[in-house]
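Below is one structure; the comments refer to it alone.
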Amino acid sequence: MTAIEVKDLHQRYGRKPALDGVDLTVEDGEIVGLLGRNGAGKSTTVGVIAGLLRPDRGTVRVCGLDPVADRRRVRRLLGVQPQDAALHPSLTVRELVRLHRGFHTGGGADPDELIELLGLTAVRDTRFESLSGGEAQRTSIAVALVGRPRVALLDELTTGLDPQARRHLRQVITDRRADGMTVLLVSHAMEEVERLCDRVVLLDTGRVLATGTPAALVARTGRATLDEAFLALTGGAR
């Protein structure tokens with residue numbers, strides 16, 4: 001079954017097109033990387049899939065549901081970690097994770113176990129506004145995963161985390177995929193994409209420039225790494 005299906009997606013901000021006919025699919029159990037330079041349309045695509053933005057044109061389905069018309073049902077299936085965490089500043093880590101677990105059917109994960117898994121036990125009673133950048137990032141991820149979502153949208157998963165935390169978090173995502181979670185991952189970290197993703201979709205100026213496995217894109221460009229292939233396909237710029 002197709003977990004995410006996007007067809008002919010268009011979105012404008014004023015006169016500027018952010019998305020110009022984007023098509024992409026993510027099948028059940030896949031991890032797909034969404035790549036592109038800054039301003040390519042990645043976060044806008046995630047916002048539309050999450051139902052936070054209504055597209056100007058095109059269709060979006062999450063597990064067969066319209067994320068705008070079926071917002072309540074989609075919210076129970078979907079976990080979203082935005083690029084910039086915007087959680088309630090006065091709630092503690094534990095309160096936030098418990099709150100978001102209640103948005104999902106089936107009870108979800110144990111909040112305290114997930115907090116420990118993500119290395120947040122020492123700050124579980126700290127208000128969100130008082131967390132460091134890395135702690136806020138991991139809290140945002142905990143909130144996205146606590147409901148054991150069928151589909152997760154993860155935007156810059158490991159930004160601001162130290163190498164050990166990045167390795168640990170990649171393993172968490174791998175384990176969740178083994179349990180049946182589907183992931184659309186936005187990232188500039190090419191090593192992370194190569195390790196985690198089954199396929200990648202490369203956006204450029206709001207259009208799909210290339211799609212395929214990381215290895216296929218590397219082979220297509222004749223380069224040695226995905227990072228080099230990305231630069232070759234996008235004209236040598238991030």
Side-chain angles (χ1 to χ4, degrees), residues 31 33-34 38-39 42-54 62 67-68 71-177 179 181-189 192 196:
I31 300 180
L34 187 61
N38 290 333
K42 305 183 300 299
S43 292
T44 299
T45 300
V46 168
V48 173
I49 294 171
L52 302 175
L53 297 171
R54 187 185 295 271
V62 177
V68 175
R71 183 185 302 273
R72 182 173 297 179
R73 295 172 66 190
V74 169
R75 188 172 66 176
R76 293 173 179 168
L77 300 170
L78 194 64
V80 183
Q81 176 249 324
Q83 184 174 1
D84 298 311
L87 300 173
H88 196 296
S90 297
L91 295 182
T92 67
V93 171
R94 196 164 187 245
E95 288 169 340
L96 285 165
V97 178
R98 284 188 163 194
L99 172 67
H100 283 262
R101 185 182 68 167
F103 294 156
H104 295 263
T105 57
D110 180 273
D112 290 324
E113 288 182 3
L114 186 57
I115 285 168
E116 182 177 1
L117 184 63
L118 291 173
L120 292 165
T121 301
V123 295
R124 68 181 180 181
D125 295 319
T126 301
R127 291 183 178 185
F128 186 76
E129 63 187 356
S130 299
L131 299 176
S132 70
E135 291 163 351
Q137 177 81 346
R138 280 177 282 154
T139 301
S140 180
I141 294 162
V143 162
L145 298 181
V146 70
R148 293 193 183 278
R150 182 170 170 183
V151 180
L153 308 178
L154 306 175
D155 196 342
E156 299 298 346
L157 177 68
T158 58
T159 297
L161 302 185
D162 62 54
Q164 182 177 356
R166 288 199 298 270
R167 287 194 297 272
H168 181 65
L169 191 51
R170 285 198 294 262
Q171 187 59 52
V172 170
I173 298 305
T174 299
D175 292 344
R176 288 291 185 270
R177 193 266 280 274
D179 290 337
M181 185 174 74
T182 300
V183 179
L184 181 64
L185 174 68
V186 178
S187 181
H188 282 102
E192 179 175 285
L196 288 176

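- Contact record, S187 with A189: OG-N, 2.9 Å, taken as the closest heavy-atom pair.
- The shortest distance between side-chain heavy atoms of L87 and H100 falls below 4.5 Å.
- A donor-acceptor pair is defined here as one N or O able to donate and one able to accept, closer than 3.5 Å; no such pair exists between the side chain of R138 and the backbone of L120.
- Nearest heavy atoms, G79 versus P149: N-CB, 3.4 Å.
- Rounded to the nearest 0.5 angstrom, L117 CG and H168 NE2 are separated by 4.5 Å.
- When side chains are defined from C-beta on, I141 does not count as touching L154, because their heavy atoms never get closer than 4.5 Å.
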List the atom pairs, donor and acceptor, that lie under 3.5 Å between side-chain atoms in residues 108-116 and the rest of the protein, sequence neighbours left out.
{"unit_1": "D110", "atom_1": "OD1", "unit_2": "D112", "atom_2": "N", "d": "3.1"}
{"unit_1": "D110", "atom_1": "OD1", "unit_2": "E113", "atom_2": "N", "d": "2.9"}
{"unit_1": "D112", "atom_1": "OD1", "unit_2": "R94", "atom_2": "NE", "d": "2.6"}
{"unit_1": "D112", "atom_1": "OD2", "unit_2": "R94", "atom_2": "NE", "d": "3.4"}
{"unit_1": "D112", "atom_1": "OD2", "unit_2": "R94", "atom_2": "NH2", "d": "2.8"}

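- Looking only at side-chain heavy atoms (C-beta outward), L52 and V46 stay at 4.5 Å or farther from each other.
- Nearest heavy-atom pair, H88 versus L96, reported as atom, atom and distance to 0.1 Å: N-CD2, 4.0 Å.
- Using a 4.5 Å heavy-atom cutoff, the side chains of V183 and R176 are not in contact.
- The salt bridge (Lys or Arg N to Asp or Glu O under 4.0 Å) pairs that include a residue from residues 147-159 are D28-R150, where partners are two or more places apart or lie in different chains.
- Rounding to the nearest 0.5 angstrom, the gap separating the CG atom in L131 from the OG1 atom in T139 is 5.0 Å.
- Separating the CG atom in L184 from the CD1 atom in I49 is a distance of 5.0 Å, to the nearest 0.5 Å.
- Listed for the R170 side chain is no donor-acceptor partner under 3.5 Å among the backbone atoms of L196.
- Heavy atoms only, all atoms of each residue included: A50 and P67 are closest at C-CB, 4.2 Å.
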